[in-house]
Amino acid sequence: MRSSFRSLLPALRAVAARCPPSQICTSSRTYATEAVPDYEHKPSHYGQPLFQSHPHLLRPNELTPGIPSEEYERRRKELMDSLPSNSVVVLIAAPVKYMSGNIFYKYRQGSDFWYLTGFEEPDSAVVLEKNASSRGYRMTLFSNGKDSAKEKWDGPRTGFDDALNVFKADDALTIKAFPAQLRSMISLYSNVYIDLPQSPRKNARSTKSLLRYLSPPVNPRSEYETVVESLSSSRRKPLAPLIAQLRAFKSVCEQQVMRMAADISGRAHAKTMRFTRPGISESALAAHFEYLCSLSGSQRLAYVPVVASGPNALIIHYTSNNQVVQDGEMILMDAGCEYNGYASDITRTYPVNGSFTPPQKELYSAVLSAQKALVGFCTEAEGLSLHDLHRRSCDLLRQELKQIGFTLHTGDLERVLYPHFLSHPIGIDLHESSYSDRGELLKAGMVITVEPGIYVPPTAQFPKHFHNIGIRIEDEVLVGEKHPVVLTVSAPKEIADIEGACQGLLGLEPI
């Protein structure tokens, strides 16, 4: 007999109590208490939270919440050790993005830049020069540095001394010196690893677009054109694929941050189920989910959420979220937060009134059975790739649908009922890398999503009682050597637990 979430709670609490700090636990992270905040330092002296200014967010050894300084050092060393002699790496921070005019969006650092430095300020760059030192490289960090006049408007910045002491740079220089310094540095190396920003045209790369990052308006343009031309030589090599190989495997610290992001999102899913009622708007549910995530420390949502009621669930990326929820419908909610630099990605489908109808329950059970089987295959020992997993998902869904009365013809499943891919890597980015290979075998330490779905249009070849039902069930799975770990266990998935969450039987309240 299938156990419900409620019956497992005592066991989960016991496991959490025994779980050592080095492992992933179900309990929330304990905030640092080693130092008393010095309110004389309010506002902060730094351009981002550090332990010295935000001991409630970071532990003493952490450079960013949950990630110690030593881990950033390890990442850089692994990258530089993998490069041939006479190599240099150049990374540029993400630009500030604007909604309209001078109204900017909340800043988010470029993922690769953040992965190697932990530095969260715009208008910055880093150069790593491979050498024969014990460290293996020399690091130069370029940034704006302190500027009291600008800080009065935009907030504090990290000074050059702290770039050396906190971020472990060997040298710290103003970003205004970056073009000239870069031209001088790259002339010394045979292998220049750098990624040029994308041009406005999709999938097009342009060296000229780099000018936006290299040329402050106060300096003549011609100097930077020379730098760009030098970067366009045969010595230039792509950097992103190399960093993607490092990011594919999550450290224990990363796993713990991702588990916390998943817990925040999972609890928000459960409480949003309780908050749902006929007559409420999809936008209200989206807002409630985001509020709960923010209340738990999330910095932003990881993506625009899908809150699709009834037939809207047949639209895979339905993000309008502007219709009213009706009694008897189901909600397909695909939503996740970003927490301390790492994304979460969860999809749950649940009944608006708290109880599945017989057809809803039958189709949901079919998708759930396939999804749980697929999660079990997410181990290194299985020797499968993402392509292999997707093929198995098609086989499993085909079997499940036949058992509940579907007569499938060629193309019905892959083109109509299940038109999307099963999985993608996840980490700092929602879709961790465009350089990931779906044919690569899964290895322990990778984190992927498992998200089969069935979307039944109101057409005659499919059973009428399933028409206009869309169901997707998505979890994040940490690949293990022999056993997978579902990071998103906080989001109810079993039918009994979903109905219990909706009806308030699990002790959950909407807030």
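Position 1 is the first residue of the sequence, and the numbers go up from there. Side chains are part of it too, since the values below use all heavy atoms of this structure and drop only hydrogens, waters and symmetry mates. Quick caveat: nothing in here was measured; it's all calculated off a predicted structure.
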### Message
Could you measure the distance from the CD1 atom of I473 to the CD1 atom of I498? Nearest 0.5 Å is fine.
### Response
7.0 Å

### Query
Would you say the side chain of T349 lies within less than 4.5 Å of the side chain of I469, judging by non-hydrogen atoms?
no

### S69: partners by side-chain contact (heavy atoms from CB on, under 4.5 Å), with sequence neighbours left out
L63, K168

### Task
Check the pair Y72 / T64 against side chain to side chain donor-acceptor pair (under 3.5 Å), numbers first and verdict last.
CA-CA 10 Å; Y72 287 99; T64 60; 2.6 Å; yes

### Query
Taking the six-membered ring for Trp, is the centroid-to-centroid distance between F462 and H467 below 6.0 Å?
no

### Query
Are Y303 and H431 close enough that a side-chain donor and a side-chain acceptor fall under 3.5 Å?
no

### Query
For T407, what residues pass the side-chain contact (heavy atoms from CB on, under 4.5 Å) criterion, not counting sequence neighbours?
H409

### Task
Any chance you could measure R300, atom CZ, to K106, atom NZ, to the nearest 0.5 Å?
5.0 Å

### Message
I'd like to check the side chain to side chain donor-acceptor pair (under 3.5 Å) partners of R348; sequence neighbours left out, ordered by chain and number.
### Response
D475

### Message
Check for me whether the distance between the ring centres of F51 and H56 falls short of 6.0 Å.
### Response
no

Expected list for residues 310-319: side-chain donor-acceptor pairs under 3.5 angstrom, two or more places apart:
{"residue": "N312", "atom": "ND2", "partner": "E282", "partner atom": "OE2", "Å": "3.0"}
{"residue": "N312", "atom": "ND2", "partner": "Y318", "partner atom": "OH", "Å": "3.3"}
{"residue": "N312", "atom": "ND2", "partner": "Q323", "partner atom": "OE1", "Å": "2.8"}
{"residue": "Y318", "atom": "OH", "partner": "E282", "partner atom": "OE1", "Å": "2.5"}

### Task
Kindly compute the distance separating CD1 (I264) from CG (N340), expressed to the nearest 0.5 Å.
7.5 Å

### Query
Does some side-chain heavy atom of L301 sit less than 4.5 Å from a side-chain heavy atom of E338?
no

#### Entry: Results of side chain to side chain donor-acceptor pair (under 3.5 Å) for S436 - residues two or more places apart only
none

### Message
Using the salt bridge (Lys or Arg N to Asp or Glu O under 4.0 Å) criterion, which residues pair with D395? Sequence neighbours excluded.
### Response
R398

### Message
Main chain of L242, side chain of Q245: is a donor-acceptor contact present, judged purely on distance under 3.5 Å?
### Response
no

### Partner set under salt bridge (Lys or Arg N to Asp or Glu O under 4.0 Å) for R157, not counting sequence neighbours
none

### Task
Classify the angle between the aromatic ring planes of F466 and F406 as parallel (below 30°), tilted (30 to 60°) or perpendicular (above 60°).
parallel

### Message
To the nearest 0.5 Å, what is the distance between CG on L422 and CG on L397?
### Response
8.5 Å

### Task
Look at atom CZ of F104 and say whether more than 12 heavy atoms of other residues, nucleotides or ligands are closer to it than 6.0 Å.
no

## Note on the structure
CD1 (I346) and CD (E474) are apart, to the nearest 0.5 Å, by 8.0 Å

#### Entry: Residue list, salt bridge (Lys or Arg N to Asp or Glu O under 4.0 Å) with D345, at least two apart or on another chain
none

### Message
I'd like to know if R74 and E70 make a salt bridge, using a cut-off of under 4.0 Å between side-chain N and carboxylate O.
### Response
no

### Query
Taking NZ, NE, NH1 and NH2 as the nitrogens, is one of them in K482 or E382 under 4.0 Å from a carboxylate oxygen of the other?
no

### Query
How are the rings of H288 and F275 set to each other: parallel, tilted or perpendicular (split at 30° and 60°)?
parallel

### Message
For a side chain to side chain donor-acceptor pair (under 3.5 Å) check, start with the C-alpha distance between Y418 and S393, then their side-chain angles and the critical distance, and finish with the verdict.
### Response
CA-CA 10 Å; Y418 176 43; S393 73; 2.9 Å; yes

### Task
Please test T276 against Y350 for side chain to side chain donor-acceptor pair (under 3.5 Å), starting from the C-alpha separation and ending with a verdict.
CA-CA 10 Å; T276 302; Y350 61 94; 2.8 Å; yes

### Summary
Tightest non-hydrogen contact, residues S490 and A270, listed as O-CB, 4.4 Å

### Message
I want to check something: taking the side chain as every heavy atom from C-beta on, are Y291 and T272 in contact at a cut-off of under 4.5 Å?
### Response
no

### Task
Answer yes when D497 and K493 have at least one side-chain N-carboxylate O distance shorter than 4.0 Å, and no when they do not.
no

### Task
Go through the structure and list residues passing side chain to side chain donor-acceptor pair (under 3.5 Å) with R277, not counting sequence neighbours.
none

#### Entry: Derivation of the side chain to side chain donor-acceptor pair (under 3.5 Å) call for S283 and N321
CA-CA 5 Å; S283 61; N321 304 336; over 6 Å; no

### Message
Run the side chain to side chain donor-acceptor pair (under 3.5 Å) test against D388 and tell me which residues pass, sequence neighbours left out.
### Response
S385, R391

### Task
Assess whether atom NE2 of H420 is packed by more than 12 heavy atoms of other residues, nucleotides or ligands within 6.0 Å.
yes

### Query
CD of Q461: more than 12 outside heavy atoms within 6.0 angstrom?
yes

### Message
Donor-acceptor check, side chain of S365 to backbone of K361, threshold 3.5 angstrom: yes or no?
### Response
yes

### Query
Does a side-chain heavy-atom distance below 4.5 Å link I428 with W114?
yes

### Query
Do you know which of V485, V477, I426, V479 makes side-chain contact (heavy atoms from CB on, under 4.5 Å) with V447?
I426

### Closest heavy-atom pair and its distance - N353, G328
ND2-N, 3.9 Å

### Task
Please examine the side chains of L386 and P425, heavy atoms only from C-beta on, and report whether any two atoms are closer than 4.5 Å.
yes

#### Entry: Minimum side-chain heavy-atom gap E494-L368 below 4.5 Å
yes

### Query
Has Y107 got more than 12 heavy atoms of other residues, nucleotides or ligands less than 6.0 Å from its OH?
yes

### Query
Under 4.0 Å between a Lys/Arg side-chain N and an Asp/Glu carboxylate O for E476 and R259?
no

#### Entry: Sequence-distant partners of E254, salt bridge (Lys or Arg N to Asp or Glu O under 4.0 Å), two or more places apart
R75

### Summary
When rounded to the nearest 0.5 Å, the distance separating CZ of R267 from SG of C293 is 9.5 Å

### Query
Is there any ring-ring contact (aromatic ring centres under 6.0 Å, His included) pair reaching into residues 359-381, and which pairs are they, with sequence neighbours excluded?
F356-Y364

